[in-house]
Number of protein chains: 2
Amino acid sequence: MRLSRYFLPVLKENPAEAQIVSHRYMLRAGMIKQQAAGIYSWLPLGYRVLKRIEEIVHQEQIRAGHIPLLMPTIQPADLWRESGRYDDYGQEMLRIKDRQDREMLFGPTNEEMITDIFRAHVNSYKDLPLTLYHIQWKFRDEMRPRFGIMRGREFLMKDGYNFDVDKDAALHAYNRHMVSYLRTYERMGLTAIPMRAASGPIGGDNTHEFLVLAQTGESEVFYDDRVTGLKLGQRDIDYDDRAQVAKVCEEFTTLYARTDETHDQAVFDKVPEAHRKVGRGIEVGQIFYFGTKYSAAMGAEVSTADGGKVPVEMGSHGIGVSRLLGAIIEASHDDKGIIWPEGVTPFPVGIVNLKQGDAAADAACAGLEKALLAKGLEPLYDDRDERAGAKFATMDLIGLPWRITVGPRGLEKGVVELTSRRTGQSEEMSPEAAVDRVAQIYPGI
Amino acid sequence: MRLSRYFLPVLKENPAEAQIVSHRYMLRAGMIKQQAAGIYSWLPLGYRVLKRIEEIVHQEQIRAGHIPLLMPTIQPADLWRESGRYDDYGQEMLRIKDRQDREMLFGPTNEEMITDIFRAHVNSYKDLPLTLYHIQWKFRDEMRPRFGIMRGREFLMKDGYNFDVDKDAALHAYNRHMVSYLRTYERMGLTAIPMRAASGPIGGDNTHEFLVLAQTGESEVFYDDRVTGLKLGQRDIDYDDRAQVAKVCEEFTTLYARTDETHDQAVFDKVPEAHRKVGRGIEVGQIFYFGTKYSAAMGAEVSTADGGKVPVEMGSHGIGVSRLLGAIIEASHDDKGIIWPEGVTPFPVGIVNLKQGDAAADAACAGLEKALLAKGLEPLYDDRDERAGAKFATMDLIGLPWRITVGPRGLEKGVVELTSRRTGQSEEMSPEAAVDRVAQIYPGI
């Protein structure tokens, strides 16, 4: 993409309304525009990152054997009356009347609807296990929307629901979600720690939140800091292997890590003092086993192998897709701007032409662009007639992890410069070597 | 994907509520489930086709130089007051009050919001031309939703908006859209004919609808049947070349083709009688140049090269993404079910195991699945313990264009059978040859 033809409305000034760094940088980097309180347009750069994050979530859900579908945003109130939540939900539910005066709502979550889909089509244990998920826009009418897309009203979320014949199978689904979430966050360059969560009015012990450590987090967190060193890495996971999946979960949930909601000081005190940490965290996901709460209320039953009938065992599991952009920026930035992890960057590499209009520089940049595109790597080429300083400032602000700088002086020596956004370190090399290096950095693409 | 692990709730009976073939087959093939009048869940198979169609629309818009972003579903009423449409729009607009009693609406279209984004960030002719588009769920509260997703209330649409400094540039953007739409429909296996449309209250001559011929179409159409033979094919288009793009548009709009809204019998009578056809068509897109209607009302101005200021020239251009599934099925089916064009099929090929549990057949199917996956082609493998007849009926109903049938008798001869859904013709060949053949059919993947 050439910047002269792109729509990247960067702001020079810090917007007064932004209280946290992710909100500030998303506005300044031309990623979002507020359209109403807590409601945002995703401008082209923000949209690209959102799509990258969405794609990673899809890939890891599919790898875990979960099946994508798509439920609508607007739901009939009657479904929610079946579970009793229509009256319970309160003012965060955006309630709507259509032209026929029927009561509808903009879905804040989908337990009722997915249970409705299940009961309409499945009635035998032979069709289980089954996990269905979607990534869809949801609406919660927050009293005080704030922090940009971190606590917006219209937000993109992955929510998935498992259906199993018994509690053991449902807990395996729970564990499968935990592992797939760990991999999802790792691919985004995040350390998201599963912390035991409060189960709320539904009850049940099996719920974890995933928290990214950040000073601006909304939750106070208490943890053994060795938990931040745990990594899934490239290990092979067989998601059908209950023992293997359970072992990974044990590995990631044994060290103390809790939010203020579930914190137990007496247990925490047993953590060696050198590892005992208190900080703040941003919630980026939650998994929840709730058994038969919805299936019993809504009549979603399956036949069992011995000829009986039982309400199906369920859980729901969510990732805050749009919120992740904010969490990643909170966790990865400096005073010049965003530093995107390679997994989610809107463009893998930027090209800065130091002297637009110089025949050699223009040709070298066009050549780099073409060579990168041929490798499936779309660069953002700043081909504007601007000073080098302004071009560098823009690249630093929008946070592409790698930059290739091209100028007449380097070209005389046959070199361009490859710079890491994270370390700031530059290295001179031939244009061909720069392309190869970038291709090595992004092997998956 | 193995069918035993998938969620494909096919129906044996024709659903009573479905009046047209696409609605009937989408329900029977387990592609959609109605959640309220005109509001559908997209079950896994339907969701896969929807994503394919969405992807093709994205690719062709990006090829034309248009830039994707994403606007929210919920909009503030005040924006629509600026254009005067809040009062004009009538009952099809889903109006909402939030918890603060602010007037909001579920966007039926986005002229106001995109103009708002433009005016906030662009003020010079130097930043033009610019075309922004998104693919987003919209809501129109139809009085009588019907025909499944063909005339639903919540629907997925691509809407794009061009911003240009003068009328000539805006008409080039109009032409660019026409050509990119022609290519989009062709890739989906559709013949969509651009027909001069009525401009409505906005005025202006430059609007075309794209219609797919089908007996169940809502519009009566009058056309010279030579228009159905026009194809873009693989020709190279330089979307920056105004003359080339205009020439393609001329080629596709010279022969008579109009809906009942713009039909002119006197002109139609001049078409040679052998070519004069009257039929019905389904609208799958519309392009519209409307000049400064919104930019003037909303103060979206740009400076010009001579130092003046003008309201920016605009047009809006839409493709009915979810509706296209219905249109494709209406245009491509037989009495056994859907026949997906290769460009949009949910799976490129199906594998039918005639004798599940037979060691040789199971191994051959698993081998085919693996070899296809290695080529980036995900098959749907019917590994259920069902009769061959039931498996064939399911494959025919869901309409995968190619099927590989594997049975013990063929394997003794070293062959499997490759069958075309469209022609019904089968050919015996080695499993390796079948994989190669399928890979040749889908070169783009």
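Below, chain A is the first sequence line, B the second, and so on; all start at residue 1. All values below come from the heavy atoms of this structure, side chains included, with hydrogens, waters and symmetry mates left out.
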Asks: Excluding sequence neighbours, so at least two apart, what forms side chain to side chain contact (heavy atoms under 4.5 Å, CB included) with B:His58?
Replies: A:Tyr47, B:Glu54, B:Pro68, B:Tyr133, B:Ile135
Asks: What part of B:Met93 lies closer than 4.5 angstrom to a heavy atom of chain A: side chain, backbone, both or neither?
Replies: neither
Asks: Could you tell me which of A:Pro76, A:Ser41, A:Ser4 has the largest number of non-hydrogen atom pairs under 4.5 Å with chain B?
Replies: A:Ser41
Asks: Could you tell me which portion of B:Tyr40 (side chain, backbone, both or neither) has an atom closer than 4.5 angstrom to a non-hydrogen atom of chain A?
Replies: backbone
Asks: Please state whether the side chain, the backbone, both or neither of A:Tyr6 comes within less than 4.5 Å of a heavy atom of chain B.
Replies: both
Asks: Which one, B:Lys33, B:Met1, B:Met71, leads in non-hydrogen pairs under 4.5 Å with chain A?
Replies: B:Lys33
Asks: Sort by residue number and list every residue of residues 153-165 of chain B having at least one heavy atom under 4.5 Å from chain A.
Replies: B:Arg153, B:Glu154
Asks: How about B:Gln75 and A:Gln35: do any of their side-chain heavy atoms sit closer than 4.5 Å?
Replies: no
Asks: If every non-hydrogen atom of A:Phe7 is compared with every non-hydrogen atom of B:Ile67, which pair is closest and at what distance?
Replies: N-CD1, 3.8 Å
Asks: Within this structure, what is the CD1-CZ distance for the pair B:Ile74 and A:Phe106, rounded to the nearest 0.5 Å?
Replies: 5.0 Å
Asks: Are B:Trp42 and A:His134 close enough that some pair of their side-chain heavy atoms sits under 4.5 Å apart?
Replies: no
Asks: Heavy-atom distance under 4.5 Å to chain A: side chain of B:Leu43, backbone, both or neither?
Replies: both
Asks: Would you say that B:Lys51 contacts A:Leu70 through its side chain, given a criterion of any heavy-atom pair below 4.5 Å between the two side chains?
Replies: no
Asks: State the CD1-CG distance between B:Ile96 and A:Asp98, to the nearest 0.5 angstrom.
Replies: 11.0 Å
Asks: With a strict 4.5 Å heavy-atom criterion, list every residue of residues 121-129 of chain B that contacts chain A, or say none.
Replies: B:His121, B:Val122
Asks: Which residue out of A:Ile39, A:Leu45, A:Ile117, A:Ile62 racks up the most heavy-atom pairs below 4.5 Å with chain B?
Replies: A:Ile117
Asks: Counting only non-hydrogen atoms closer than 4.5 Å, does A:Asp78 touch chain B with its backbone (N, CA, C, O), its side chain (CB onward), both, or neither?
Replies: neither
Asks: Do B:Met143 and A:Gln100 come close enough that some side-chain heavy atom pair is under 4.5 Å?
Replies: yes
Asks: Which pair of non-hydrogen atoms, one from B:Glu142 and one from A:Arg99, has the smallest distance, and what is that distance?
Replies: C-NH1, 3.8 Å
Asks: Near A:Arg5 CZ, under 6.0 Å, is it more than 12 heavy atoms from other residues, nucleotides or ligands?
Replies: no
Asks: Return the set of residues passing salt bridge (Lys or Arg N to Asp or Glu O under 4.0 Å) with B:Arg146 (not counting sequence neighbours), or none when no residue passes.
Replies: none
